[in-house]
Amino acid sequence: RKAIAHNKLEWRCEQVVIGPPGQTVSFKVHKDSLGSNIYGVGRGRECQSPTTDITGRFAQETNLFDLIKIDIEGAEQFLFEHHLNFLKRFRYGLCEWHAPIFSGPVLRDRLQQLNWRVLEMRSQEVEYDLKGGDSWDSPMGIALWENP
C-alpha cells in the first residue's frame, strides 16, 4: 500500500466470490489466513456465499484497467469460463495456477485462444527437479500476459 500511495497509483480491491454463475458455493476460511479455497480440505470454518456477477459489477466502467492479479485458489477456471468479457478489460494479467484444479496447460491454452501474449512464466519445479526449469506442466506456477 505504501508503494501504491508513493507512486500515486489508482487501485481497487474488491471482495468477490467467483464460481459458477448464479449459484451459491461452499468454501473453507482457514484460521490465521486471509485466504480461502472452494476446494479446501481440512480444518477451517465452512462458509457459503452466492457467486458474484463480476462482469455485471464492472459493466458501467468505461476505462481499460492496467493489471489484474488473479490468485483465487481454484476458482480461476470459473473466471476464464464465464467472465472473459471482464478479463478483456485488463491490459495485463497475472494468474496463479494450481494443478489439477486449474493447470498450467489449461491456462496456456486459454491465453492462446485469446491471442494474449505470455510475457513471463514461473513455476514450481517439476517433480522436484530444478534443472528442468519452469514448465506449464508444473503442479503450480504463475503467468504474466499482455492483452494487446
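The first residue of the sequence shown is numbered 1, and numbering continues consecutively from there. Because the structure is predicted, anything quoted here is derived from the model rather than measured.
With rounding to the nearest 0.5 angstrom, the CD1 atom of Ile101 is 11.5 Å from the CE atom of Met140. Of the inter-residue distances, the one linking Ile70 atom CD1 with Phe80 atom CZ reads 5.0 Å to the nearest 0.5 angstrom. Note that CG of Leu84 is 5.5 Å distant from CG of Leu114, once rounded to the nearest 0.5 Å. Residue Met121 holds its CE atom at 11.0 Å from CG of Leu111, rounded to the nearest 0.5 Å. Rounded to the nearest 0.5 Å, atoms OG (Ser135) and CD (Gln124) are 11.0 Å apart. In this structure, CD1 on Ile72 lies 10.5 Å from NZ on Lys69, to the nearest 0.5 angstrom.
Residues Val25 and Pro20 come closest through the heavy atom pair CG1-CD, 3.9 Å. The nearest pair of heavy atoms linking Arg89 to Leu64 is O-CD1, 2.8 Å. Of all the heavy atoms in Cys95 and Phe102, the pair that sits closest is SG-CE2, 4.4 Å. Across all non-hydrogen atoms, the minimal contact from Pro105 to Trp136 is CD-O, 3.1 Å. The minimum heavy-atom distance linking Thr55 with Asn85 is given by the pair CG2-CB, 4.2 Å. Minimum heavy-atom separation, Val17 to Ser49: CG2-OG, 3.6 Å.
Relative orientation of the Phe78 and His82 rings is parallel, given thresholds of 30° and 60° on the angle between their planes. Taking the six-membered ring where tryptophan is involved, the planes of Phe65 and Phe58 are perpendicular, since the angle between them exceeds 60° and thus also 30°.
Trp116 and Leu107 fall within the same hydrophobic cluster, where Ile, Leu, Val, Met, Phe, Trp and Tyr residues are linked whenever their side-chain heavy atoms come under 4.5 Å apart, directly or through other members. Under a hydrophobic clustering in which Ile, Leu, Val, Met, Phe, Trp and Tyr are joined whenever their side-chain heavy atoms come within less than 4.5 Å, directly or via other members, Ile68 and Leu144 fall into different clusters. Clustering ILVMFWY residues whenever any of their side-chain heavy atoms sit less than 4.5 angstrom apart, transitively, puts Val106 in the very cluster that holds Leu87.
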Check your understanding: Stepwise, does the side chain to side chain contact (heavy atoms under 4.5 Å, CB included) test hold for Val16 with Arg57?
Key -> CA-CA 10 Å; Val16 298; Arg57 191 166 183 171; 3.3 Å; yes
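Of the possible donor and acceptor atoms, none in the side chain of Trp145 sits under 3.5 Å from a partner among the backbone N and O of Arg108.
For Ile142, the side chain to side chain contact (heavy atoms under 4.5 Å, CB included) criterion is met by Leu94, Arg122, not counting sequence neighbours.
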